[in-house]
Amino acid sequence: MTLSPLKNGIFIPFNKPHLTGKEHEYMADAVSGGHISGDGRFTKRCHELLEGQLGVHRSLLTTSCTHALEMAALMLDISPGDEVIVPSYTFVSTVNAFVLRGAKPVFCDIRPDTLNLDEKLLSGLITPKTKAIVPVHYAGVGCEMDSIMEIAQESGISIVEDNAHGLYGSYKGRLLGTFGTFATQSFHETKNLHCGEGGALLINNPAYVDRAEIIREKGTDRSKFFRGQVDKYSWVDIGSSYLPSDLLAAFLLAQLESQGAIQAKRKQIWHRYHESLEEWSRKTGAALPTVPEHCSQAYHMFYLIMPTLEARTALITHLKERGILSVFHYTPLHLSKMGEQFGAAKGDCPVTESVSDRLLRLPFYNDLTALEQDSVIEAVLSI
Ligand SMILES: *Cc1c(COP(=O)(O)O)cnc(C)c1O
């Protein structure tokens, strides 16, 4: 074995943040340029690149996906009494951003195939109080956006796509992040492209651009001031500080410029896992990810759904004994302490409850070598 252990006997971690090689150069450039607060040269270049790559009306870098979600909740004027529909199987920020504004979360179960919010359940969850639906494109595979958009439009409900996993994925040829009034991206180091901590708000409805700029700039019209559109800037709305430093934008630019190579590598790793484990999956009853024909996925992760919780625990242990770290994923939000306070209970989302006990994610990162991946595959096959 030419690999050396990292810590606690782990040779192959679950994630390793990728570097393209340009990050230091761009960050040094930002430092010597003298503008390292928000909205400098590198932030502008990231905005242009994201808008060009995705065809969204406007993109705004934020300090995290969590903060982009908070901005979306502020812009939709979410307030006490409103309800927001979220999948129970997601990261806590998907719901917290709306709960912060006083909304009541309504948890939707997921589809057993793609693990995305089950669009067939939506009509039963919508009430006159429903203000927004927040689909999460789990693992970078698109939700059933045709049905979701139709239901939302009929009922006058806004869509906010939590696209933390889905950057560059598409549904029926249309890029994820371009469906909702807003979409949010994460550039946390566990995501496909990253800058350590970071995010973006994508705005598809031009009517929201001015207010988004204001909310992101502490409730002031400072962005207009910098463009020379007003003589002085002042307090015009509620807001907070959601701009990342231009240093982080410099790091992120290197990643955005390499998205083609990054995504190609992830695609190759994903398919190698899939092909190598297909037969094993048929024999053992462990399910591999489902990607519908009409979805072009973003290759965010590779997961297995084991037949039972015991089988998952056994596989995690088996891999750990071989120096490989595999991890489970979300615990259902509706069963959390907070979820229960909102009246959710066991049995509300049976698919989520079952899947969350059985899903595990294999090491999946850009610099995973063929040798490392072989070790993971051999370890899975040998259980
Ligand atoms: C990572 C993640 C977030 C939060 O991203 P941050 O940038 O860390 O705030 C939100 N939603 C989902 C689905 C995520 O995977």
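Ligands are counted one by one from 1 in listed order, and the atoms in each one are counted from 1 as well. Quick caveat, the model's predicted, so the values are computed rather than measured.
When ring centroids are compared, His18 and Tyr365 stay outside the 6.0 Å threshold. Aromatic pair His300/Tyr168: centroids not less than 6.0 angstrom apart. Phe251 has its ring centre less than 6.0 Å from the ring centre of His194.
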Distance-only donor-acceptor hits, side chain of residues 148-157, under 3.5 Å, sequence neighbours excluded:
residue : atom : partner : partner atom : Å
Ser155  : OG   : Ile151  : O            : 2.7

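Listed by first then second residue, pairs satisfying salt bridge (Lys or Arg N to Asp or Glu O under 4.0 Å) with a partner in residues 167-178 read Asp146-Lys172, not counting sequence neighbours. Within the structure, salt bridge (Lys or Arg N to Asp or Glu O under 4.0 Å) pairs that include any residue of residues 65-80 comprise Asp77-Arg211 (at least two apart or interchain).
Closer than 4.0 angstrom to ligand 1 sit non-hydrogen atoms from Ser64, Cys65, Thr66, Thr90, Phe91, Thr94, Val136, Asp162, Ala164, His165, Ser186, His188, Lys191, Gly198, Tyr330.
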